[in-house]
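Below is one structure, written out as structure tokens; comments come after it.
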Amino acid sequence: MHGFCGRLLRDLVQVYEDVKKDSEMRIVKIGMAHGSGGRSTDRLIKDIFIKNLGNEVLNKLEDSAVLDMPWGRIAFATDSFVVKPLFFSGGDIGKLSVCGTVNDLLMAGAVPKYMTCAFIIEEGLEIELLDRIAHSMKEAAEESGVVIAAGDTKVIEGSGGLYINTSGLGIVEEGINISASGAKPGDAVLLSGSLGNHHASILSHRMGIKNNIKSDCAPLREMVSRLIAEDIRIRAMRDVTRGGLGTVLNEIAESSEVSIEIIEDKIKVDKEVRGFCDILGLDPLYMGNEGKLVCFTAREDAERALQLIKSSKYGDDAEIIGYVEQKDKVNVTLATRLGGKRIVDVLTGEGLPRIC
Amino acid sequence: MKSIYDVLKYLKEYEGQDIKIMEVCGTHTDSILKNGIRSLISDRIRLISGPGCPVCVTAAPYIDQACEIAGRERHAVYTFGDMMRVKGAEHSLSEVKSQGGRVEIIYSPLEVLDRAKKERATTHVMLAVGFETTAPVYGLLLQNCIEEKADNVKLFTSLKRIIPALENICGLDDISIDGFICPGHVSVTIGEKPYLALAEVYGKPFTISGFSAHHIIMAIYDLVCQISSGKAEVHNLYKSTVRANGNAKSRELIDRYFEAGTAVWRGIGEIKSSGLYLRKEYSDYGIICVSEPEKNESSGCMCGKVMTGGILPSECPMFGKTCKPEEPIGPCMVSAEGSCGIWYRYMRM
């Protein structure tokens, strides 16, 4: 009798567990309740965000994170991420949000320490996708050495979209003065790798074109920390994102009141990206990357800097691509493969597909 | 000549008669400037950008009507990207889109049919602009729409033919072009033959070229040699892609759905037989431009002179001052293939 009752009880418990799990699994999409601040919000925060991004600071779930920061110069950046599709070859919106924020801090020579992330989620987004995105962010944050200290969640009407806003804090150590206005005549210009990968990957997904192009979305912490640790005199540095290398170089030339000449032969574009651009009439000089930097160093430090970047993760294809000159009529010129010269202007409008 | 560098040396050191060569294709203009080819050749060899930019030569009333259609309820307008910023009399498609009009950029006209099948209650209008390169693709779109009975797709055409425009330029009194780099992509469709009559009648050489720096330099060299020795032949230096007889299937698509007629080229004026229009039996799939285009626009814009080789972009008094890529006045400054826009981006030295 006891044995029979025992087995019956065990079976009943198992049925209860199965029903509970089944009803939990039926909640697969974000709904307005998840943004209400009530139980659903609480579950979302714990089951997705704390599960993936949890740390000593975030786990306290206070209204503000209270941080111990050293007295000195703080780098402070903000960014928003609205990329579609949410997932692409080489990354997703989550990885992008961490790498983009961290790289912004690194470009000031800062050591990234903390960041925040605020999610604006359209109802209808599958929770499993949100879980994957949060997991990507965890991996990127670990690689970057950054702590996600605070977050927020809002749910709006829509059809499954997601937008992420971030801010980032880093420490700029004494003696580091990197600025867009810091380039000087004679400086060398280094590019850490090939152009256009991220932009081409996103466009490929949007247009349903199958290829092997992958986004180069990556945190550049190791690369930058090596340069700084080895006392490379970095005058200016930028990550080559929206607007591409052409736009970034023009901004630095304008800000530093110099002219820049770059060499076409030294600028790498992967063969498949080149082919993609040729078909659509896009110019890799104006296409965005998410894991490449351009830096201006004292001429004497250029070769050493090049080797340091090449020996870093994500720096295999680095090159010295040009030099800074006295201010001239034109901000940026390019010496072509055949020895000609052309102006590299800022991007005007969008990069648009042409009729023929 | 053993290598491209020998050819470049010849062209750089050329001291013969002054020569004007017209390149009739926006993509050639772009490539010449992107590769800095003008800086590699003698000043005695002058390269002039011709009217091979379909956006630049599209009449203003067409753009006005396209903007109006985009603002209508249950209408969607589809276009290639380089049409977006060109202004008609008042507005551009880009402005209309930002004010809520439905304008979508496509990479292939065939995308329009996919959209039309998903949204049956909407009229989907393809802005069918281009030359013989793109006309066959619009023909293919129409063919597919007929097969699938997608009567909610319309073509709003502004298609041009390049040979009548070349003939018009050859016949101008005040401009003397010595030779022509023929458009590579158009030649894929039409082949070599259409240029033979022009070479014979007007005594000018025509060289078909691809788009790489090497292709274009060899085409320039070929034309300089022909002009220097008094030849007027048609040479195809793009045989990998352009056949002597062109692409019969593409031409068959054009002939089946379109017929030639007079067209107005913005900045140039009326040219007989230079437009392609939907044949009457397919008029249900077409939209007609309701306004007569101005035969001679007079806003001070000199795009017409630029396009027919009368002046260099930098010789227009508005260039770089009141007319810039951020605030273009003429169509040549807007399109990615417009001579003035390209000149501004690459040659403003």
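To find a chain, count down the sequence lines: A is the first, B the second, and so on, and within it residues start at 1.
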Just wondering, are more than 12 heavy atoms of other shown residues or ligands nearer than 6.0 Å to NZ in A/K266?
-> no
From B/L33 atom CG to A/I343 atom CD1, the distance as rounded to the nearest 0.5 Å | 9.5 Å
Those residues of residues 200-215 of chain A, ordered by number, that approach chain B below 4.5 Å (heavy atom to heavy atom) | A/L203, A/M207
Output yes when a side-chain donor or acceptor of B/S39 lies under 3.5 Å from a complementary backbone atom of A/K341, and no otherwise.
-> yes
Region of B/I217 in contact with chain A, defined by heavy-atom distances below 4.5 Å | side chain
Rounded to the nearest 0.5 Å, what separation is found between the CZ atom of A/R337 and the NE2 atom of B/H214?
-> 9.5 Å
Does NZ belonging to B/K12 count more than 12 external heavy atoms closer than 6.0 Å?
-> yes
Count the heavy atoms of every other residue, nucleotide or ligand shown that sit under 6.0 Å from CZ of A/R242, and state whether that count exceeds 12.
-> no
Passing candidate, side-chain contact (heavy atoms from CB on, under 4.5 Å) with B/K34, options A/L334, A/V344, A/D283 = A/D283
Given that the side chain runs from C-beta out, which part of B/I37 has a heavy atom under 4.5 Å from chain A: side chain, backbone, both or neither?
-> neither
Take atom CD in A/E254; do more than 12 heavy atoms of anything else shown fall under 6.0 Å from it?
-> no
Sequence neighbours excluded, which residues qualify as salt bridge (Lys or Arg N to Asp or Glu O under 4.0 Å) partners of A/E122?
-> none
Check whether any side-chain heavy atom of B/Y5 lies under 4.5 Å from a side-chain heavy atom of A/L338, and answer yes or no.
-> yes
Just wondering, more than 12 heavy atoms not from B/E119 lying within 6.0 Å of its CD?
-> yes
